[in-house]
Amino acid sequence: MLQNQEKNILRSLIKSIPYRNQDIECSGISASQQAYLCTALYQNRPLPMIIVTPSVREAQQLMEDMFFYAGSAQLPISFFPASASEAYKSLSSHSEASTKRISALYQLIYATAPPIVIAPIEGLLQKLIPRQELCNFSELLMENEEISLDHLVEKMVSGGYVRTMIVEEPGDYCIRGGILDVFSPLYTDPLRIELFGDCVESIRFFSASSQRTIKSIPEAIIIPAREAIIKMESIEPVIGRIREQASVLELPVTTVRDLVERIKKEGVFPGIEFLTPLFYPGMDNLLDYAPQDALFVMVEPAELEKSALAFHDKTVRQYMMSRKNAALCVEPEALHETWDPVFHSILERHPLIIRNLSLTFPDSTPQPFHAVAFSVENNTDVQEQLAAQLDAEQLLLPLATWIN
């Protein structure tokens, strides 16, 4: 009887999500239950989903738990971390974080299946390359179609690809005769594109470690390797903004000259993402990439706010130290959003808000959201059942009744 009631409550929640006209708050559920709830929501009513957590650790654990609950079913989850290095320490950044971020952004725009993006709050707050720039860059290659290899290589270089002897990591490319090897961040394996003249003869994935073919495919997409695109034909306005910012910071002429020469020589290089506000008239954020029907899930909003404020304070301190060290940098508000405007923008999309602790209201208190209370109980037996991978229906922990 109780189990049927629990299932009915979950079904009602799932059905209400696409047609919600207000926020929905779920309280009294643990971290593992949160992952199960998100998985069940997606599997029963697939919608683009952006889940925001207070920390990287919580984001990674949520992702692992969701994969576990999905079992053999595939979940199109992308992890959206903050940039790997701190903006004001140096112009260096590990490519792995940039690879994950640019791939997640592309999935939000073009994925055929509704995507799931899990972002720690620092990733959500970072400003991004304008959405239209990413759309304009993406290049579709198809078998038996002609391409200009020179134009493609020029485009790849503008998006941060680097020529190497052997293609091993995202952002590498190599040309040998009529063969182009390229590792697009969109895929887990690099591509080998064989050309006959200007015609694409074949496209296939190959192993970065053994260099052997994995499988052939009819088409492939090349996206930027980094979160910045510098077109040499429009480099002068960028250089002008760099010089203007250097003047504001009263930096030595030699510092600016060295950076400008490096940009002209290398184009996009590791860490230049932290200067992207100087490349474009305006920047976007993750909300600008989210489809209109996307469901935002905010995990522990009080903790999100605390982490966001700590992130802002840290960024301001780093900016002041960078200025003291006479390094070229941009103001924190040019690189990152602040909590309040982002929070209110998400509220306009009627998110699902998840809290561990239950909320209580006097009977006379009006609620600005639809609330569902879950009971918090000792779930040792349930966790043992999970480990034994029993029937997924048994994963559902006891639910209380609708508050509203």
Side-chain angles (χ1 to χ4, degrees), residues 48 74 76 78 95 98-115 117 128-235 266-268 279-280 284 289 291:
Q74 296 294 314
S78 297
S95 62
S98 186
T99 294
K100 290 178 179 177
R101 286 164 59 85
I102 202 72
S103 178
L105 293 178
Y106 183 89
Q107 296 291 348
L108 282 172
I109 301 173
Y110 291 115
T112 52
V117 173
L128 307 171
I129 177 176
R131 187 179 189 274
Q132 193 57 48
E133 290 288 331
L134 178 57
C135 294
N136 292 342
F137 183 96
S138 303
E139 189 80 21
L140 173 64
L141 304 180
M142 301 179 66
E143 278 186 341
N144 302 319
E145 288 203 353
E146 291 191 355
I147 64 168
S148 168
L149 183 58
D150 291 341
H151 173 73
L152 178 60
V153 169
E154 181 181 346
K155 191 173 190 177
M156 290 194 304
V157 170
S158 75
Y161 285 84
V162 178
R163 187 165 187 169
T164 57
M165 294 296 293
I166 299 176
V167 170
E168 297 177 303
E169 298 181 352
D172 290 350
Y173 81 94
C174 174
I175 299 175
R176 300 186 311 279
I179 298 176
L180 168 65
D181 288 350
V182 58
F183 205 149
S184 171
L186 196 57
Y187 305 113
T188 56
D189 296 297
L191 297 161
R192 178 158 291 154
I193 300 157
E194 291 196 32
L195 301 171
F196 183 77
D198 292 331
C199 183
V200 176
E201 196 167 41
S202 66
I203 306 172
R204 57 185 185 269
F205 287 118
F206 69 93
S207 166
S209 57
S210 69
Q211 300 290 300
R212 293 183 177 178
T213 295
I214 297 175
K215 68 173 181 178
S216 297
I217 54 175
E219 61 185 39
I221 300 169
I222 308 298
I223 64 173
R226 296 192 176 276
E227 294 175 80
I229 299 169
I230 299 181
K231 302 171 185 175
M232 287 301 127
E233 64 270 20
S234 56
I235 193 66
E266 301 180 34
V268 175
F279 301 162
Y280 309 108
D284 283 346
Y289 280 83

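Keep in mind it's a predicted model, so treat the numbers as computed, not measured.
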Heavy-atom pair with the smallest gap, counting every atom of [X] and [Y]:
| X | Y | value |
| --- | --- | --- |
| E227 | S98 | N-OG, 3.6 Å |
| Q211 | F206 | OE1-CE1, 3.5 Å |
| L134 | S138 | O-OG, 3.0 Å |
| K155 | N136 | NZ-O, 3.4 Å |
| M156 | F137 | CA-CZ, 4.1 Å |
| C174 | R176 | SG-NH1, 3.7 Å |

Just wondering, more than 12 heavy atoms not from E233 lying within 6.0 Å of its CD?
-> yes

What's the verdict on side-chain contact (heavy atoms from CB on, under 4.5 Å) for L195 and I147, showing C-alpha distance, side-chain angles and the deciding distance?
-> CA-CA 9 Å; L195 301 171; I147 64 168; 3.9 Å; yes

Distance (rounded to the nearest 0.5 Å) between [X] [atom1] and [Y] [atom2]:
| X | Y | atom1 | atom2 | result |
| --- | --- | --- | --- | --- |
| Y280 | I129 | OH | CD1 | 3.5 Å |
| T213 | D189 | OG1 | CG | 11.0 Å |
| Y173 | I193 | OH | CD1 | 13.0 Å |
| L149 | E154 | CG | CD | 11.5 Å |
| L105 | K100 | CG | NZ | 14.0 Å |
| R192 | I203 | CZ | CD1 | 13.5 Å |

Please determine which of I221, L180, I222, V167 meets the side chain to side chain contact (heavy atoms under 4.5 Å, CB included) test together with L191.
-> I222

4.5 Å side-chain heavy-atom contact, [X] and [Y]:
| X | Y | value |
| --- | --- | --- |
| I223 | P185 | yes |
| D172 | P190 | no |
| E145 | V200 | no |
| Q107 | V117 | no |
| Y161 | V153 | no |
| I230 | S158 | no |

Counterpart residues, salt bridge (charged side-chain N to carboxylate O under 4.0 Å, His left out), relative to D284 (two or more places apart) | none

Kindly write out the residues that satisfy salt bridge (charged side-chain N to carboxylate O under 4.0 Å, His left out) with R163, not counting sequence neighbours, or none if the list is empty.
-> none

